[in-house]
Amino acid sequence: MLNPITVHLPKQPAYSYPIHIGAKFLENIHSYLPKVGSTAVIITDDTVKALYALSLHQSLSKAGHKTLLLSFPAGEVFKNGQTKSWLEGEMFAEACDRDSVILAMGGGVVGDVAGFVAATYMRGIDYIQVPTTLLAMLDSSVGGKTSINTPQGKNLIGAFWQPKAVIADIACLNTLPQEHLINGLVEAFKMYLTSDVKSLEFLDQNLERILARDEVLLSDVVHRAVSIKASVVEKDEKDNSLRAILNLGHTIGHALEKLSEYKLLHGYAVALGLLLEAKIAERRGYLQAQQYLFIKTLLQRLNISTSDLKKFDLEAIIQKTKLDKKKRDEKVHYVLLNGLGSVYETENRFAHVVDDETVRRAFDEVVKK
Ligand SMILES: NC(=O)c1ccc[n+]([C@@H]2O[C@H](COP(=O)([O-])OP(=O)(O)OC[C@H]3O[C@@H](n4cnc5c(N)ncnc54)[C@H](O)[C@@H]3O)[C@@H](O)[C@H]2O)c1
């Protein structure tokens, strides 16, 4: 097991928490379980229930813990208010009190909904993130953003509510479909691009073995990405400035996700966003041609090609970017690389206005080659 990473929250030190990455998470979970008499509520989806949550439930029950297992169907469409209300109803029915602890076991969907239940149940109870997808391990389980989707859009209702701990068992990744592994790897790549040249070299040198699920290397991938995310969250817990860097590739990525009606996985949409936004940075002189090529080549090794962008209508992409959350004064903002491992910053601003014409030219250049 690698050394735990601690997310220090300077404004509220009592809410700082450890992130454990490795195997044998059951041993770690034990020390975070509720007081005698209160309930450990495992919230999961049906897929993860069958794979991991049932055995967690059994082992906690055997060890004498009062344990409740709640699961809902897998998939983004269930990250909604009905699921949240149903979970709360079940918890009330089992007399879960303020000392109960939620174990959010699953991907980002489970983590976001279960975290939001924890944030609001009896005005807030403890929860532990037990992520089982790569994306959840290195991104969504860390940082305390919890949410549900509404008919108006994704993640529009939610709360900042930090977990008591994150316990990531890399062995869970053995059952993860390959496209979900790549989905998470894109987010790791994005984080390294914003802040960490050494991790870019590490990814470049080890990508094939990582794709073949070498556990030691996968632990390293998660550890490196979580270190970056933890340090960003420590400096900007509520997403007011620096945390914007994590949106690299996301102005275009979110537009593509919407255009595909969320059929394109988030990481794949962000990958195409990284390409186009890197080209914009190159056009602005912040990124060298060789550096753009590095990004393109690494994504190709993940089976993500520039030709995938051709499936989208450029003007429709531009229209969708106008709904981006980073928009200010009616202008669309982008996080732009400033070389590899760094983002462009002026006056503590990390997202910058890019006009439509620049996006059009960058798009043409990306898809032509
Ligand atoms: N809170 C945040 O900061 C944050 C950050 C990024 C993404 N998110 C959210 O995360 C969600 C996406 O998360 P995701 O990509 O993990 O998707 P997901 O939770 O839908 O999981 C993907 C699929 O993998 C299955 N699965 C999970 N673990 C598995 C395992 N070990 N083996 C086999 N199958 C497994 C799930 O049942 C599901 O079908 C989105 O809703 C997104 O908005 C949140």
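Small disclaimer: the values here were computed from a predicted structure and weren't measured. Heavy atoms only: backbone and side chains are in, while hydrogens, waters and symmetry mates are out. As the structure lists them, so they are numbered: ligands from 1, and atoms in each ligand from 1.
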Are L56 and I102 co-members of a hydrophobic cluster defined by side-chain heavy atoms under 4.5 Å apart?
no
More than 12 heavy atoms of other groups within 6.0 Å of I318 CD1:
yes
Polar contacts were defined as any N/O atom of the residue lying under 3.5 Å from an N/O atom of the ligand; does this apply to H180 and ligand 1?
no
Of the backbone atoms (N, CA, C, O) and the side-chain heavy atoms from C-beta on, which set of T146 has a member under 4.0 Å from an atom of ligand 1: side chain, backbone, both, or neither?
neither
Give the atoms of ligand 1, by number and element, whose distance to some non-hydrogen atom of T175 is under 4.0 Å.
30 (C), 31 (N), 32 (N), 33 (C)
Looking at ligand 1, does any of its N/O atoms fall within less than 3.5 Å of an N/O of T133?
yes
Using the side chain to side chain contact (heavy atoms under 4.5 Å, CB included) definition, which of the options L298, L203, V197, L340 pairs with Y192?
L203
Nearest protein heavy-atom contact for atom 9 (C) of ligand 1: which residue, which atom, what distance?
D112 OD2, 3.4 Å
Would you mind telling me if ligand 1 is within reach of the side chain of V109, the backbone, both or neither, using heavy atoms under 4.0 Å?
both
Between Y344 and Y286, does the ring-ring contact (aromatic ring centres under 6.0 Å, His included) criterion hold? Intermediate values first, please.
CA-CA 8 Å; Y344 186 74; Y286 306 157; 4.0 Å; yes
Proximal ligand 1 atoms for L51, defined as those under 4.0 Å from one of its heavy atoms
32 (N), 33 (C)
What do you reckon, does C172 put a non-hydrogen atom under 4.0 Å from ligand 1?
yes
Which atoms from ligand 1 have a heavy atom of D45 less than 4.0 Å away?
36 (C), 37 (O)
Numbered atoms of ligand 1 (with element) below 4.0 Å of D139, judged on heavy atoms
5 (C), 6 (C)
Any idea which atoms of ligand 1 are less than 4.0 Å away from a heavy-atom of V48?
26 (N), 27 (C), 28 (N)
Answer yes when E208 and R301 have at least one side-chain N-carboxylate O distance shorter than 4.0 Å, and no when they do not.
yes
Pair N149-E76, side-chain donor/acceptor within less than 3.5 Å:
yes
Applying a heavy-atom cut-off of 4.0 Å, say which part of A74 lies close to ligand 1: side chain, backbone, both or neither.
side chain
I'd like to know if D220 and R224 make a salt bridge, using a cut-off of under 4.0 Å between side-chain N and carboxylate O.
yes
Selection from H266, K79, K145, R243 by shortest heavy-atom distance to atom 43 (O) of ligand 1:
K79
Of the side chain and backbone of K229, name the one, both, or neither that has a heavy atom under 4.0 Å from an atom of ligand 1.
side chain
Tell me whether atom 7 (C) of ligand 1 lies less than 4.0 Å from at least one protein heavy-atom position.
yes
Ligand 1 atoms in contact with T47 (distance to a heavy atom under 4.0 Å)
37 (O)
Report the part of L265 in contact with ligand 1, treating N, CA, C, O as backbone and CB onward as side chain, heavy atoms under 4.0 Å; options are side chain, backbone, both, neither.
neither
State plainly whether the residues E315 and R360 are in salt-bridge range, i.e. N to O under 4.0 Å.
yes
Backbone, side chain, both or neither: what part of D46 comes under 4.0 angstrom of ligand 1, heavy atoms only?
neither
Check: Q12/Q162 side-chain N/O donor and acceptor closer than 3.5 Å:
no
Examine the proximity of ligand 1 to N155 and report which part, side chain or backbone, both or neither, has a heavy atom under 4.0 Å away.
side chain
May I ask you to identify, for L176, whether its side chain, its backbone, both or neither come under 4.0 Å of ligand 1 on a heavy-atom basis?
both
Atom CD of Q178: over 12 foreign heavy atoms under 6.0 Å:
yes
Considering non-hydrogen atoms of the protein only, which is the closest contact for atom 12 (C) of ligand 1, and what is the distance?
L135 CD2, 3.8 Å
Under a 4.0 angstrom heavy-atom cut-off, which atoms of ligand 1 come close to Y52?
31 (N)
Closest contact, heavy atoms only, D239 versus A244
OD1-N, 3.9 Å
Relative to ligand 1, is E76 under 4.0 angstrom through side chain, backbone, both or neither, heavy atoms considered?
side chain
Does a salt bridge link E365 with K368, judged by any charged N lying under 4.0 Å from a carboxylate O?
no
Is it the case that T175 and Y52 place a side-chain donor and acceptor less than 3.5 Å from each other?
yes
Give a yes-or-no answer on whether the side chains of D308 and S305 include a donor-acceptor pair shorter than 3.5 Å.
no
Which residue and heavy atom of the protein sit nearest atom 28 (N) of ligand 1, plus the separation:
T132 OG1, 2.8 Å
So the atoms of ligand 1 within less than 4.0 Å of a heavy atom of N183 turn out to be 15 (O)
